[in-house]
Number of protein chains: 2
Amino acid sequence: MPSERPMRADARRNYDRLLAAAAAVVAEQGAEASLEEIARRAGVGSATLHRHFPSRRRLLEAVFRDKVETLCAAATDLAGAPDPEQALVSWLGAVAAHAVSNRGLAASLMVGSDDGDPLVGATCHTMIVEAGQGLLARARQARAVRSDVSIVELLTLVHAISLAAERQPDGAALADRLLTLVLDGVRPRPEGPPR
Amino acid sequence: MPSERPMRADARRNYDRLLAAAAAVVAEQGAEASLEEIARRAGVGSATLHRHFPSRRRLLEAVFRDKVETLCAAATDLAGAPDPEQALVSWLGAVAAHAVSNRGLAASLMVGSDDGDPLVGATCHTMIVEAGQGLLARARQARAVRSDVSIVELLTLVHAISLAAERQPDGAALADRLLTLVLDGVRPRPEGPPR
DNA sequence: TAGAATATGGAGGGACACCCCGTTTCTGCA
DNA sequence: TGCAGAAACGGGGTGTCCCTCCATATTCTA
């Protein structure tokens with residue numbers, strides 16, 4: 001059951017304007033940006049913003065949806081890569097990179113749903129989890145990762161790192177370094193270099 | 001050069017009241033709590049709060065200072081423990097546990113200084129870093145950790161995990177699990193169980 | 001093209017951070 | 001002890017923010 005009825009033309013127009021303005025403002029100022037500023041920049045009353053997006057979270061999800069879809073597509077592409085370990089590792093790296101460069105993405109992806117609204121089934125969170133599942137399964141089969149680690153744990157770590165890195169100068173490099181550290185572990189490897 | 005002149009009696013009294021109120025409110029509501037609510041509960045005008053603590057960060061730092069001191073003391077205690085690896089690991093666990101149970105602590109410890117005020121030399125951040133340094137050095141000497149990992153990286157990871165865990169139900173357990181994962185690494189160990 | 005359905009946005013309520021400045025409270029000194 | 005000036009206080013104002021109501025305007029449909 002898709003939308004019962006197509007949006008009215010002006011509604012659609014304002015929706016799109018809001019989304020564009022939100023993307024711009026969030027890119028500039030992060031996910032805490034003022035909603036009124038977004039409405040203002042979209043040339044729209046704040047009531048309209050609130051009608052289209054009942055909560056900040058919903059707005060962010062709409063803003064980030066296509067970025068998330070890109071990541072999911074990347075996962076599909078990598079699903080057939082020759083090296084399952086490398087596939088998983090570079091996908092996680094991509095997730096981290098996206099999260100760091102789009103401030104607030106990590107927080108959005110973190111939680112299942114914070115407003116009491118359970119109907120947000122296909123949230124960004126679950127989309128990412130499902131996309132990663134396949135990569136992890138293959139890597140595990142290749143014995144490239146411990147058998148007791150789940151995709152949710154892995155993604156939580158990646159998001160944690162992004163959360164920490166996104167507020168620091170040169171967050172991308174930091175996230176990258178920390179991710180490698182996490183994958184290899186802090187303790188030394190008994191023999192030779194890892195990988 | 002300590003404070004040029006001792007605080008006036010009423011100033012000292014209000015300072016203490018504010019600190020106590022802030023500790024209570026932050027424990028209840030997290031680090032985003034309303035500053036006016038804190039002033040209100042301290043029975044003090046909001047201007048007074050702002051005079052004593054020019055920024056939210058400063059207030060949080062004062063609130064968390066004794067918790068941080070506890071952690072630093074723990075580091076000193078552990079400095080002579082028989083097992084350097086275990087000492088480091090359990091100290092990091094303690095840091096994570098504190099950060100998770102005191103919402104906002106992690107964020108406070110994360111950054112060096114966000115207001116342009118460089119005179120906050122002995123911030124919580126540097127206190128913790130210095131406390132950890134010794135434990136890491138000993139663990140490294142015992143070849144219990146990789147030689148290329150720094151205490152700042154390690155603490156950043158711990159804080160990242162705390163940041164992610166503190167907003168989830170059962171954050172303590174989650175943080176613990178993730179920390180173990182990070183220490184051991186996601187990749188499997190070539191031989192036998194670690195430790 | 002008229003009426004119904006839908007969408008809009010200005011205005012306003014409540015909360016907040018932060019600051020100005022007249023008033024009150026201390027303290028050091030005579 | 002008493003008092004002058006320094007130090008601290010806090011009521012109230014400003015500007016911002018999130019969110020909602022409802023009179024008005026736009027779009028759709030027949």
Side-chain angles (χ1 to χ4, degrees), chain A residues 1-22 24-26 28-63 103-104 107-108 113-117, chain B residues 2-22 24-26 28-63 103-104 107-108 113-117 120:
Chain A
M1 51 173 175
S3 54
E4 314 265 336
R5 192 176 294 204
M7 259 179 170
R8 230 173 70 172
D10 53 347
R12 166 100 250 151
R13 178 161 30 86
N14 284 335
Y15 182 94
D16 291 342
R17 279 186 188 167
L18 279 167
L19 211 48
V25 174
V26 167
E28 278 171 28
Q29 312 180 12
E32 316 286 74
S34 154
L35 299 182
E36 292 204 320
E37 160 76 7
I38 292 173
R40 216 175 296 130
R41 204 178 300 193
V44 147
S46 66
T48 299
L49 184 151
H50 287 285
R51 197 171 317 106
H52 283 297
F53 305 98
S55 69
R56 178 184 294 272
R57 180 168 211 289
R58 290 292 195 85
L59 176 58
L60 290 177
E61 239 168 47
V63 167
R103 288 194 211 169
S108 290
S113 104
D114 66 350
D115 37 4
D117 205 333
Chain B
S3 53
E4 314 265 336
R5 190 176 296 205
M7 258 178 169
R8 233 174 67 172
D10 52 348
R12 166 100 251 148
R13 179 163 27 86
N14 285 335
Y15 183 94
D16 290 343
R17 280 186 187 168
L18 278 167
L19 212 47
V25 174
V26 166
E28 279 173 28
Q29 311 179 13
E32 315 287 72
S34 153
L35 298 183
E36 294 205 318
E37 159 76 8
I38 291 172
R40 216 175 296 132
R41 204 177 302 191
V44 147
S46 65
T48 299
L49 183 149
H50 287 284
R51 197 171 317 107
H52 283 295
F53 306 98
S55 69
R56 178 183 295 273
R57 180 168 211 288
R58 290 292 195 84
L59 176 57
L60 290 177
E61 238 167 50
V63 167
R103 289 195 212 168
S108 290
S113 103
D114 65 351
D115 37 5
D117 206 332
V120 195

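The sequence lines fix the lettering, A, B, ..., with proteins before strands; numbering per chain opens at 1.
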For the pair made of [atom1] in [X] and [atom2] in [N], what is the distance, rounded to whole Å?
X: Arg58(B); N: dA17(C); atom1: CZ; atom2: P; answer: 18 Å
X: Met7(A); N: dA7(C); atom1: CE; atom2: C1'; answer: 10 Å
X: Asn14(A); N: dT6(C); atom1: CG; atom2: C1'; answer: 13 Å
X: Gln29(B); N: dA15(C); atom1: CD; atom2: P; answer: 14 Å
X: Arg8(A); N: dA4(C); atom1: CZ; atom2: P; answer: 15 Å
X: Leu49(A); N: dG9(C); atom1: CG; atom2: P; answer: 11 Å

Nearest nucleotide by nearest heavy atom, which residue falls closer to the 5' end of DNA chain D, Asp10(A) or Asp10(B)?
Asp10(B)

May I ask you to decide whether Arg58(B) forms a salt bridge with Glu61(B), counting only side-chain N to carboxylate O separations under 4.0 Å?
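No, this pair does not count.
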
Report which part of the nucleic acid [X] touches: base, sugar-phosphate, or nothing (heavy-atom distance under 4.0 Å, all strands).
X: Arg51(B); result: base
X: Arg13(A); result: sugar-phosphate
X: Ala47(A); result: base

Going by heavy atoms closer than 4.0 Å, what residues in residues 30-43 of chain A are next to DNA chain C?
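Result for residues 30-43 of chain A: none.
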
Could you tell me the separation between the [atom1] atom of [X] and the [atom2] atom of [Y], rounded to the nearest 0.5 Å?
X: Arg17(B); Y: Ile38(B); atom1: CZ; atom2: CD1; answer: 16.0 Å
X: Leu49(B); Y: Glu37(B); atom1: CG; atom2: CD; answer: 11.5 Å
X: Arg56(B); Y: Ser34(B); atom1: CZ; atom2: OG; answer: 7.5 Å

Between which nucleotides of DNA chain D, 5' to 3', does chain B make heavy-atom contacts below 4.0 Å?
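It runs dA6(D) to dG12(D).
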
Within the 4.5 Å heavy-atom criterion, are [X] and [Y] side-chain neighbours or not?
X: His52(B); Y: Leu59(B); answer: no
X: Arg13(B); Y: Asp10(B); answer: yes
X: Val26(B); Y: Arg103(B); answer: no

For Ala22(A) versus Val63(A), what's the shortest heavy-atom pair and its separation?
CB-CG2, 3.6 Å

Phosphate-side-chain proximity, His50(B) and dC18(C), N/O vs OP1/OP2 below 4.0 Å
yes

Main-chain N/O of Leu18(B) paired with Arg41(B) side-chain donor or acceptor, under 3.5 Å:
no

